[in-house]
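Here the structure is laid out as structure tokens; the discussion comes afterwards.
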Amino acid sequence: MSLLVSEIPAPILRTRLYEALEVYVSAMHYPRGVEHSRAPMWAEHMLRDGWRAVAAFQIPDTGPGAAVATDDAATAMDDATAAMDDATAIPEAARLVGIAYGYHGAPAYWWDRQVRSAVRDTAGPEGTRLMSDYFELTEIHVAPSAQGKGIGAALLTRLLSGLAESRVLLSTPEVPEEQNRAWQLYRRMGFEDVLRHFRFVGDRRDFAVLGRTLPLP
Ligand SMILES: CC(C)(COP(=O)(O)OP(=O)(O)OC[C@H]1O[C@@H](n2cnc3c(N)ncnc32)[C@H](O)[C@@H]1OP(=O)(O)O)[C@@H](O)C(=O)NCCC(=O)NCCS
């Protein structure tokens with residue numbers, strides 16, 4: 001089995017949208033059926049300024065060109081990235097196991113308005129500056145069977161490479177001691193606190209908003 005991590009243009013993601021949503025639903029342990037309510041939202045996000053997505057695929061070793069026979073994602077990544085930068089080359093048999101996307105943050109969006117007003121309240125003018133030019137990392141998910149092999153890190157690195165924005169922001173649920181893979185991934189990649197124990201309107205969970213400057217080192 002080899003691994004391909006590639007930018008995925010909107011027309012290709014549209015054809016594989018339910019595959020990507022299945023990864024999302026299983027990674028988040030949401031009940032089946034949630035994908036139907038999320039599909040229109042993900043499709044609308046694809047139309048936003050600066051939208052960009054990256055996907056990870058497992059490719060069976062049987063076909064020509066599928067030469068990377070390893071379970072070590074880091075090793076596979078180098079070969080796959082070099083060999084298959086062109087998303088149109090994604091083989092039919094490739095199984096989508098990871099998805100990450102985001103877009104240019106702007107006050108027109110619900111997430112931005114919620115976070116902007118909280119950041120302004122807590123950090124004043126510095127908070128306004130934080131929100132002036134950023135990429136919102138909206139979703140990042142890896143299928144449970146493929147987690148813990150470096151795919152999340154590869155998706156994030158690829159997604160954030162070469163962006164025009166000077167900063168990336170995201171929100172993630174608070175968990176005790178920051179003990180889950182999402183938190184560990186974000187901390188490992190240099191994300192710092194912007195807001196803690198923040199409540200989005202209509203959601204009873206506590207969230208953290210994290211951010212870091214771009215480009216990545
Ligand atoms: C968060 C998430 C996207 C991270 O993806 P991932 O592929 O599991 O992340 P990584 O593999 O890069 O890192 C996870 C682990 O693999 C280890 N790892 C990293 N590179 C590795 C490699 N090349 N080989 C083996 N292991 C590696 C890391 O040490 C890390 O271990 P840890 O979890 O004990 O800290 C994924 O776990 C997920 O989908 N979680 C559920 C959904 C979710 O929380 N999404 C984010 C919502 S905000």
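We count ligands from 1, going down the list as the structure has it; atoms in each ligand are counted the same way.
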When you compare ligand 1 with [X], is there at least one nitrogen or oxygen pair between them that comes in under 3.5 angstrom?
| X | result |
| --- | --- |
| Met28 | no |
| Ile140 | yes |
| Pro173 | no |
| Gly150 | yes |
| Thr172 | no |
| Ala27 | no |
| Ser171 | no |
| Ala153 | yes |
| Tyr186 | no |

- Which residue from Ala154, Gly152, Gly148 reaches closest to atom 25 (C) of ligand 1 through any of its heavy atoms? Gly148
- Pair Glu178 + Arg187: basic N to acidic O under 4.0 Å: yes
- Query: Between Asp121 and Arg116, does at least one N-O distance fall below 4.0 Å, as a salt bridge requires?
  - Reply: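 Salt bridge: no.
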- Item | Atoms in ligand 1 with a heavy atom of Ala182 nearer than 4.0 Å | 1 (C), 44 (O), 46 (C)
- For ligand 1, is any non-hydrogen atom under 4.0 Å from Glu139's backbone (N, CA, C, O), its side chain (CB onward), both, or neither? neither
- Query: Under 4.0 Å from ligand 1, counting heavy atoms only, is it the side chain of His141, its backbone, both or neither?
  - Reply: both
Using atom types as modelled, flag every donor-acceptor pair under 3.5 Å from a side chain in residues 23-31 to any protein atom, sequence neighbours excluded.
| residue | atom | partner | partner atom | Å |
| --- | --- | --- | --- | --- |
| Tyr24 | OH | Arg38 | NH1 | 2.8 |
| Ser26 | OG | Glu22 | O | 3.0 |
| Ser26 | OG | Val23 | O | 3.2 |

- Should we count CD of Glu192 as having more than 12 external heavy atoms under 6.0 Å?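 Result for CD/Glu192: open.
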- Task: Assert yes or no for the condition that the ring centre distance of His36 to Tyr18 is strictly below 6.0 Å.
- Result: yes
- Query: Is the shortest distance from a heavy atom of Trp183 to ligand 1 less than 4.0 Å?
  - Reply: no
Residues 137-145 side chain polar contacts: donor-acceptor under 3.5 Å, at least two apart:
| residue | atom | partner | partner atom | Å |
| --- | --- | --- | --- | --- |
| Thr138 | OG1 | Glu136 | O | 3.3 |
| Glu139 | OE1 | His141 | NE2 | 2.7 |

- Task: For Asp112 and Gly105, indicate whether the former's side chain and the latter's backbone hold a donor-acceptor pair under 3.5 Å.
- Result: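 No, because the side chain of Asp112 does not come within donor-acceptor range (under 3.5 Å) of the backbone of Gly105.
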- Task: Would you check if the side chain of Glu165 reaches a backbone N or O of Leu163 as a donor-acceptor pair within less than 3.5 Å?
- Result: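 Pair absent, no side-chain N/O of Glu165 close to backbone of Leu163.
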- Message: When you measure from the centre of the six-membered ring of Tyr103, is the NZ or CZ of Arg48 closer than 6.0 Å and no more than 45° off the axis?
- Response: yes
